[in-house]
There are 2 protein chains.
Amino acid sequence: MQLLHQNGIERTTLADIAHAAHVPPGNVYYYFKTKDDIIGAVIQAHTHDINATLAAIDAQHRTPKARLKALIHELAGQSQTVARHGCPLGSLCTELNKRTNPTAADLMRRLTTWAEQQFRDAGHRRDAHQLALELIAAYEGHALLANTLQDPDILTAAARRLGSRIDKL
Amino acid sequence: MQLLHQNGIERTTLADIAHAAHVPPGNVYYYFKTKDDIIGAVIQAHTHDINATLAAIDAQHRTPKARLKALIHELAGQSQTVARHGCPLGSLCTELNKRTNPTAADLMRRLTTWAEQQFRDAGHRRDAHQLALELIAAYEGHALLANTLQDPDILTAAARRLGSRIDKL
DNA sequence: GTCTATAAATCGATAGAC
DNA sequence: GTCTATCGATTTATAGAC
C-alpha cells in the first residue's frame, strides 16, 4: 500500500516490493501469481481500512453530522502525506482508470454511499446522494491541488470549511 | 497529449508515440532526446491550450461572472472523455506528482490564478483565492468521481451547480 | 532528415536446488 | 516454504546506412 501510494502502480516494481518485505525477488511469486494480484490485494487492503475507519466512526459518534465531521477530520489528518504523495485512494483510482483489469469503483462507492446515508439520516433525504458526491469530490479535488501545489494547508483549510458546512446543514 | 491522457505517462511507450505519429520508433529521438523531453513538450502543449482557452474566454466575455461560467461550460463540455479517461490536466498532475523530474504546478496555478482574478473582479477581493481553489478543486474532484464511477452525468450535474453558484455570488 | 537494426537496461515471471 | 539464478518480453535509447 505504501509503495503504491508513494510511487504509483506503474513505477513500483516487484523488486521494490520484495525489498520492502525483506524477501528475495523470487519469493513474491509464492504469495502472488501476478502483479495484478498484488494490486488486487492492495485494493482489498484499502477496502478493509475504509470499512474499519467508517465502523469506528459509526461506533464513536451517534449523530450523522458528527460522523461526517469525524470523517472529514480523519481525512484532513493525513494532509501532510497527501500533499507529498496525493490521496492514497484518489491517486490509486486515477491509475486504475488507465488500466483495464481491476477497478476501484466499489472502493470509491463505499465512501460515497456511507456519506449519503449520513446526509439522509440528517434529514436531507432528497439531495443526500448529491451532497455525498460533493463532499467526496471536494476532498479529492483539494487533495489533488494540495499535492500538485505541494501545500498541505490547502487540504486542512478545505476540511475546516467542509466541517462548518456540515454544521450549517 | 492524447496518448498520455488515455493511457497515462507510464503506460505510453515511445513505440506507441511513434506509431501514432506514423514514424518508425527510432525517429522519435530525432525530435526528443528523452521521454522526459516528450512529457515536457506535452506539459507545454497543455499550457498553450489553457492559455488559448482563457484568452478566448477573456475576449468573448466581459464580466468576470460570465467568464467563470464560460470556463465551467468549457470544462463540462469534455465530460464524456473525462468520464472515460479522467481530466487531462488532473490525471497528468497525479502522475507527475509520483515522479521527480517535471512538475505541473505552474499548469494548475495558471487555472487558479485566472479564476482568482475573476473572483476579485467580481468584487470578492477578500476570499478570491479561496473561491478559485474551491472552484478548480470541485471540478477536479467531480472529474475523478466521474472517471472512477464511469458516469459523465456526475460532471455535467456538478458543472450546472457550479454555474448557479457563480450566479448567486 | 529518415530509416533499419540493435544495443542496454529493466521488469515481470519461471525453474529448480535446497 | 525459501532461496538463487535466469528466462523472455518490453522499453528506452543509440548506431549507422541511406
Side-chain angles (χ1 to χ4, degrees), chain A residues 1-48 84-86 88-105 107, chain B residues 1-48 84-86 88-105 107:
Chain A
M1 286 177 73
Q2 193 180 354
L3 285 172
L4 260 56
H5 179 209
Q6 291 179 359
N7 306 326
I9 294 175
E10 311 298 338
R11 293 181 71 85
T12 299
T13 69
L14 294 168
D16 292 336
I17 295 171
H19 180 77
H22 301 291
V23 296
N27 280 28
V28 178
Y29 289 93
Y30 182 76
Y31 302 96
F32 303 98
K33 286 183 184 174
T34 65
K35 187 177 180 179
D36 276 3
D37 282 356
I38 297 179
I39 298 171
V42 170
I43 295 174
Q44 213 172 348
H46 274 286
T47 304
H48 181 271
R84 225 171 289 191
H85 306 290
L89 178 58
S91 57
L92 182 70
C93 286
T94 298
E95 278 197 287
L96 288 174
N97 289 332
K98 307 287 188 192
R99 289 173 150 254
T100 51
N101 245 352
T103 178
L107 202 47
Chain B
M1 288 177 73
Q2 192 179 355
L3 284 174
L4 260 57
H5 179 209
Q6 291 179 358
N7 306 326
I9 294 174
E10 310 297 339
R11 294 179 71 85
T12 298
T13 68
L14 295 168
D16 292 337
I17 294 171
H19 180 76
H22 301 291
V23 295
N27 279 31
V28 177
Y29 288 92
Y30 182 75
Y31 302 95
F32 303 97
K33 285 183 184 176
T34 65
K35 188 178 179 179
D36 276 2
D37 282 357
I38 298 180
I39 297 170
V42 169
I43 294 173
Q44 212 172 348
H46 274 286
T47 304
H48 180 271
R84 226 171 288 193
H85 306 285
L89 178 58
S91 57
L92 182 71
C93 287
T94 298
E95 278 197 287
L96 288 174
N97 289 332
K98 306 289 187 192
R99 289 173 150 255
T100 50
N101 244 350
T103 177
L107 203 46

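Remember, predicted model here, so these are calculated numbers, not experimental data. Naming convention: chains lettered A, B, ... in sequence-line order (proteins, then strands); numbering from 1 in each chain.
- Between the CZ atom of B:R11 and the P atom of D:dT11 there is a distance of 9 Å, given to the nearest Å.
- For the pair B:I9 CD1 and D:dT12 C1', the computed distance is 15 Å after rounding to whole Å.
- Of all nucleotides listed (D:dC3, C:dC3, D:dA13), C:dC3 comes nearest to the side chain of B:N27.
- Phosphate contact (OP1/OP2 of C:dT14, side-chain N/O of A:Y29, threshold under 4.0 Å): absent.
- Contact of the A:Q44 side chain with the A:H48 side chain is not registered, since no non-hydrogen atoms from C-beta on lie closer than 4.5 Å.
- Listed candidates were C:dG12, C:dT4, D:dA13. Nearest to the side chain of B:L14 is D:dA13.
- Remark: A:Y30 is not in phosphate contact with D:dT2, judged by side-chain N or O atoms under 4.0 Å from OP1 or OP2.
- The side chain of A:P24 lies closest to D:dC3, out of C:dC11, D:dT14, D:dC3.
- Evaluation of the ring pair (Phe, Tyr, Trp, His ring centres under 6.0 Å) test over residues 8-35 of chain B, restricted to residues two or more places apart or in two chains, returns none.
- Nucleotide C:dA13 holds its P atom 12 Å from the NZ atom of A:K33, rounded to whole Å.
- Here the P atom of nucleotide D:dT10 and the CD atom of B:E10 are 18 Å apart, to the nearest Å.
- Judged as a salt bridge (Lys or Arg N to Asp or Glu O under 4.0 Å), the pairs with a partner in residues 3-16 of chain A (not counting sequence neighbours) are, in order, A:E10-A:R99, A:E10-B:R11, A:R11-B:E10.
- For the pair B:Y31 and C:dT2, the criterion of a side-chain N or O lying under 4.0 Å from OP1 or OP2 is met.
- Rounded to whole Å, atom P of C:dC11 lies 11 Å from atom CG of A:N7.
- Across A:L92 and A:L107, no two heavy atoms sit closer than the pair CD2-CD2, 4.2 Å.
- Going from atom CG of A:D37 over to atom C1' of C:dG12 covers 13 Å, rounded to whole Å.
- The CZ atom of A:F32 sits 15 Å away from the P atom of C:dT14 (whole-angstrom rounding).
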